[in-house]
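For reference, the structure discussed in these notes is given below.
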Amino acid sequence: MMVQISLARNDDMAPWLRLAEDVVPLFGPMPDFDAVLARKIAQQQAFSARTDIGSAGFMEEF
């Protein structure tokens, strides 16, 4: 499987927010993360990983 890193899009918000929730026990709460993420996506300063089969979001390995 090939992974491509590209600019995040608005439809990538949900996976980013799930990841932020997953790391709260490690790093603590991140106030206003959703607003900061939306701004960074609009400024083209956020990235997401996509596989060669076209899925968006984050890679997870178990």
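Side-chain atoms are counted along with the backbone in the values below, which use heavy atoms only and exclude waters and symmetry mates.
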Closest non-hydrogen atoms of Ala20 and Met30, given as atom of the first, atom of the second and distance, are O-CE, 3.4 Å

For Ser48 and Arg9, test the side chains for any donor-to-acceptor distance below 3.5 angstrom and give the result as yes or no. no

Rounded to the nearest 0.5 Å, the CG atom of Leu17 sits from the CG atom of Asp12 at a distance of 10.5 Å

Not counting sequence neighbours, list each pair that qualifies as a side-chain hydrogen bond (donor to acceptor under 3.5 Å, both in side chains) and has a residue in residues 35-46. Lys40-Gln45

Least distance between heavy atoms, Ala8 atom then Ile41 atom: O-CG2, 3.6 Å

Once side chain to side chain contact (heavy atoms under 4.5 Å, CB included) is applied, do any residues pair with Ile5, and if so which ones, sequence neighbours excluded? Val3, Phe47, Ala49

What about Val36 and Trp16, same hydrophobic cluster or not, with Ile/Leu/Val/Met/Phe/Trp/Tyr joined at side-chain heavy-atom distances under 4.5 Å? no

